[in-house]
Amino acid sequence: INNSSNLVSTINCLQAGGGTAYATAIDKARTYLDANARTNAWKVIIFLSDGAANEGPSYYSSGSPYRTQPCHQGITSAGLAKAEKFLVYSIGYDLNSGVAGSNVCVNSVTGNAEVPSITSEDAMEQIADTGSFYNHPSATDLSGVFVRISADIATGTSRLFDDGT
């Protein structure tokens, strides 16, 4: 890992706090890669979060699952990407922190827990492809996770596709 790269610098400056919307980030990554990825390259989403989804964009109606079930909608959005043969990794950063409510997925309209109830850890695990969820409690673990993910992608063992040929 190049510690002076823009990616590492950006990740190192992330601060906890504020709202979290899983689905919108996944949707935007999918849209960007659909428009800009090389045809012979894997489409890979590496999704990092430090807590439960607790909001959705206000341009969606108050009945939209983006707002009423932001964790479940994140799982749905990731499912669409996986169905399109994206590789989806997720990294939980301090998901079980001592900050009250940080592990509870919340309906952003009512402020109550999502129905059905789900934790951030369960949502992040379901967002990722099988075996591609990393739950790490500290910043010192992150570089090792990115090394393992890059090695997995480089060796091509992450997923084998039958393209019919």
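None of the values given here were measured: they were computed from a predicted structure.
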Between V88 and Y32, is there a shared hydrophobic cluster once you connect ILVMFWY residues whose side-chain heavy atoms come closer than 4.5 Å? yes

Just so I know, are the side chains of [X] and [Y] near enough to count as touching, which here means a heavy-atom distance under 4.5 Å?
X: V145; Y: Y89; result: no
X: F86; Y: I26; result: no
X: P70; Y: E55; result: no
X: T68; Y: Q73; result: no
X: D152; Y: L87; result: no

Value rounded to 0.5 Å, distance of [atom1] in [X] from [atom2] in [Y]:
X: Q126; Y: I75; atom1: CD; atom2: CD1; result: 4.0 Å
X: R30; Y: E84; atom1: CZ; atom2: CD; result: 4.0 Å
X: I149; Y: Y134; atom1: CD1; atom2: OH; result: 5.0 Å

Test applied, side chain to side chain contact (heavy atoms under 4.5 Å, CB included); reference residue, I91; option that passes from D50, L142, N135: L142

Indicate the atoms forming the closest heavy-atom contact of S120 with C105, along with that distance. N-SG, 3.9 Å

Does K85 reach the main-chain N or O of W42 with its side chain, forming a donor-acceptor pair under 3.5 Å? no

